[in-house]
There are 2 protein chains.
Amino acid sequence: MAVKIKDVAQRAGVSVTSVSRVLNGEKYVSEDILQRVQKAIEELQYSPSHIARSLKRQKTDLIGVIVPDLTSNFYSTILSSIEETATYYGYNLLVCNIAEDLEKELKYLNIFREMRVDGIIIMHEKSSPELLSFIQNSGIPILYSSVKSPDPDFVSVIIDDYQAAFQTVEYLVSLGHSRIAYIGGDMRDITSGQYRYEGFRAGLLRHGITPNEAWIRFGDYKIPSGREQMSELLQLSEWPTVVFAASDDMAVGALNCMLDQGLDVPKEMSLIGFDGSIIAEVVRPALTSMQQPIREMGKVSLETLHEMIMRPGKAVRKDLILSHQLVERESCLPLSTNKTN
Amino acid sequence: MAVKIKDVAQRAGVSVTSVSRVLNGEKYVSEDILQRVQKAIEELQYSPSHIARSLKRQKTDLIGVIVPDLTSNFYSTILSSIEETATYYGYNLLVCNIAEDLEKELKYLNIFREMRVDGIIIMHEKSSPELLSFIQNSGIPILYSSVKSPDPDFVSVIIDDYQAAFQTVEYLVSLGHSRIAYIGGDMRDITSGQYRYEGFRAGLLRHGITPNEAWIRFGDYKIPSGREQMSELLQLSEWPTVVFAASDDMAVGALNCMLDQGLDVPKEMSLIGFDGSIIAEVVRPALTSMQQPIREMGKVSLETLHEMIMRPGKAVRKDLILSHQLVERESCLPLSTNKTN
DNA sequence: GTGAAAGCGCTAACAC
DNA sequence: GTGTTAGCGCTTTCAC
């Protein structure tokens, strides 16, 4: 890796400036020099140093991405979409899986700053004073994707979680259900998870249903927690007729718990998920789910961040709300009137 | 982001060297200077430039990772494990999802080189002359993870795919099966997929079973292709009693096809997967599968690459073979003697 | 059109 | 123990 721009210049018999010009596709280079430089680059197998270039340009084409869980169907799909769009815009992704570890998140945010990334995308909704202070003072364009930013002044690309949850309940009610259980995400922070929960409650209230607190439980959005919460739910003497899980992964965990206990889903109990990730189509019965526009979310996130990077002054709408959509599959049935339960 | 080492030095009333020494935790700094520098760093909110440091040190702490599909259960889990280990060793991950696009892979490999990454991990088994030439000439430590490298001189962290497939067949035979179908990965390249396939054939032959070519099909390791291949299999007049899929994702696709056609799995037809990824435990019936040590594979990959980076001269064993293990779940039943089929 | 030279922010001889 | 200074490999005025 010893060959540098100077070597190319010597080989081609021109100045480093000319080589640089060729490298950057500028005009004001004669056909003759262009040819000689290209030949020298080829012969020397020259690969320009992005590091040196970044130092000079004060721009790295790097975007740092913080994912809570790479193995989640939801996040890996957003990430995949972000990656696709990033490639298109000439960015490279520095990715960090923080596994719910706020300290690791802060550590990585600082590394991103040292790396002088051009922008940061965060998909994690937990927060802390240090984290808040970082996003407020770093000077780096930061965007929250799929979750609401802890500071309302920062831009978030999300769906209207409140409305989506509210409408999910309306759908369930329209099917005749009134005994509705809820398995939510973590409630410790004021973000998407909370809007979802509030939407759920509001939906119930809107239809004159008093929430049964024993049927309201919280997991961590992942498969095992859905299973655990469902298991506890089934130990109750009174059962709901439908379970609303705030993520498809939790819905799958719940589904497996039900199936393994011999319950017929959806005949004996219905189930509805949230996210519309791949797994909803994969399990049997396929999950009816409130779908987020996952890939679009990734694309819009990167494009918006790109805007923020290119026009530092220009204001961007704080919340970019994308549209959700209920997708009916097999896990949710109208409540049959002859149900004993 | 204007504050640099010089500013810190001025503020603390010392030389830049001293600041650099503090930054790098060297000794030969008096307690007094240490204090003053730390105070200045704090007050100025100084964040050292990793870019400038990399340029000087000729080391970036960056590792480029090429993943064929971020949304795959198998690859996202390896990636997650690589990430975890990378954090431990102080590396950052530049990730690229190449979506089976060889041109994109080559493009990214060149970007990795321009970025001066310290090493590269590739999890894609397709190859081309240009790609081969790159890995042979780049001068960057490169390691293949979970797939066999196209050039035998490069190190691969893998299982013994041939043996694993062979033993899978032995297991099936021990259950009484002899009508065994196979859904493999892509056969266009001489890598893991091929060893799996050869192991399968050898297993059959070893037990005096003549392979039925109509029951041998190839997909692309992903869910939809498992479904497609299964669908065609079911259109045949003669059916196998068990299907061996070379990835869990394809097995899930096949499973859904069977289930959706009203087949009872495993009573009417058994199914066995390969990989041991999360999804095998998630579907119902849960998939019996030949399990790869996925997380260990990621960990060993990064640790080996780290070794290669630290000791450039030292030879590393070309193939690091990890152990596989058959995990019995619900999708595979002994062939009942009273089967009509 | 082309080139010389300054400088991006840091580290590491080397001198004191 | 501490500071001066020469680069790391590139881009970009500015002068020719």
Side-chain angles (χ1 to χ4, degrees), chain A residues 1-38 40-41 44-62 110-118 139-140, chain B residues 1-38 40-41 44-62 110-118 139-140:
Chain A
M1 196 53 60
V3 30
K4 43 197 147 196
I5 200 170
K6 205 176 157 190
D7 303 318
V8 176
Q10 279 174 357
R11 176 86 165 211
V14 300
S15 73
V16 293
T17 312
S18 291
V19 178
S20 174
R21 286 194 178 113
V22 171
L23 252 29
N24 295 294
E26 287 171 33
K27 33 205 237 175
Y28 304 126
V29 255
S30 63
E31 188 59 27
D32 174 44
I33 287 196
L34 180 67
Q35 301 273 323
R36 272 152 61 202
V37 169
Q38 282 175 341
I41 288 176
L44 264 29
Q45 296 237 55
Y46 171 66
S47 167
S49 163
H50 192 93
I51 298 295
R53 181 177 281 176
S54 296
L55 181 60
K56 186 66 196 180
R57 286 195 185 155
Q58 301 290 71
K59 184 171 188 324
T60 54
D61 305 325
L62 244 33
N110 277 306
I111 291 179
F112 285 168
R113 176 153 64 156
E114 295 188 355
M115 290 278 190
R116 303 294 190 260
V117 298
D118 294 342
I140 305 171
Chain B
M1 195 55 59
V3 30
K4 43 197 149 197
I5 201 170
K6 205 175 157 190
D7 303 320
V8 177
Q10 280 174 357
R11 176 84 167 214
V14 299
S15 74
V16 292
T17 313
S18 292
V19 179
S20 175
R21 286 195 179 114
V22 171
L23 251 29
N24 296 295
E26 288 171 32
K27 32 205 238 177
Y28 304 126
V29 257
S30 64
E31 189 58 28
D32 175 44
I33 286 196
L34 180 68
Q35 301 272 323
R36 271 152 61 202
V37 169
Q38 283 175 339
I41 288 176
L44 263 30
Q45 296 237 54
Y46 171 65
S47 167
S49 163
H50 191 93
I51 298 295
R53 180 177 284 176
S54 296
L55 180 60
K56 184 67 198 179
R57 286 195 187 158
Q58 301 290 69
K59 184 171 187 328
T60 55
D61 306 325
L62 244 34
N110 277 306
I111 291 178
F112 286 168
R113 175 152 66 155
E114 295 188 356
M115 290 278 189
R116 301 296 189 258
V117 297
D118 293 342
I140 306 171

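So that the names make sense, note that chain A is the first sequence line, chain B the second, and so on, each numbered from 1.
- In this structure, B:S30 does not reach the D:dG1 phosphate: none of its side-chain N or O atoms is under 4.0 Å from OP1 or OP2.
- Helix bend of the helix from C:dG1-D:dC16 to C:dC16-D:dG1: the angle between its two end axes, each built from five pairs, comes to 40° after rounding to 10°.
- A salt bridge between A:R36 and A:D32 is present, with a side-chain N of the basic residue lying under 4.0 Å from a carboxylate O of the acidic one.
- When rounded to the nearest whole Å, the span between CG of A:L55 and C1' of C:dC8 equals 4 Å.
- The CG atom of A:D7 sits 10.0 Å away from atom CZ of A:R11, with the distance rounded to the nearest 0.5 Å.
- Distance B:Y28 OH to D:dG3 P: 17 Å, rounded to the nearest Å.
- Side chains of A:K59 and A:D118 form a contact here, defined as non-hydrogen atoms less than 4.5 Å apart.
- The two residues A:R53 and A:P48 have their closest heavy-atom pair at NH2-CB, 4.0 Å.
- Atom P of nucleotide D:dT11 and atom CD1 of A:I51 are separated by 13 Å, given to the nearest angstrom.
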Indicate every side-chain donor-acceptor pair of residues 12-22 of chain B with a distance under 3.5 Å to a residue at least two apart or in another chain.
from	atom 1	to	atom 2	distance (Å)
B:S15	OG	B:T17	N	3.3
B:S15	OG	B:S18	N	3.3
B:S20	OG	B:N24	ND2	3.4

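- Put simply, B:Q58 has a side-chain N or O that comes within less than 4.0 Å of OP1 or OP2 on D:dG9.
- In this structure, B:I33 reaches the sugar-phosphate backbone alone: every heavy-atom distance under 4.0 Å involves primed, P, OP1 or OP2 atoms, never a base.
- With sequence neighbours left out, the side chain to side chain contact (heavy atoms under 4.5 Å, CB included) criterion links A:I111 to A:K107, A:M115, B:N92.
- B:Q35 pairs by the side chain to side chain contact (heavy atoms under 4.5 Å, CB included) definition with B:E31, not counting sequence neighbours.
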Completion exercise
In 5'-to-3' order, the base (B), backbone-only (S) or no-contact (-) status of each nucleotide in nucleotides 10-16 of chain C, using a 4.0 angstrom heavy-atom cut-off, is BBBB---

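- A search for side chain to side chain contact (heavy atoms under 4.5 Å, CB included) contacts involving B:L55 returns A:I51, A:A52, A:L55, not counting sequence neighbours.
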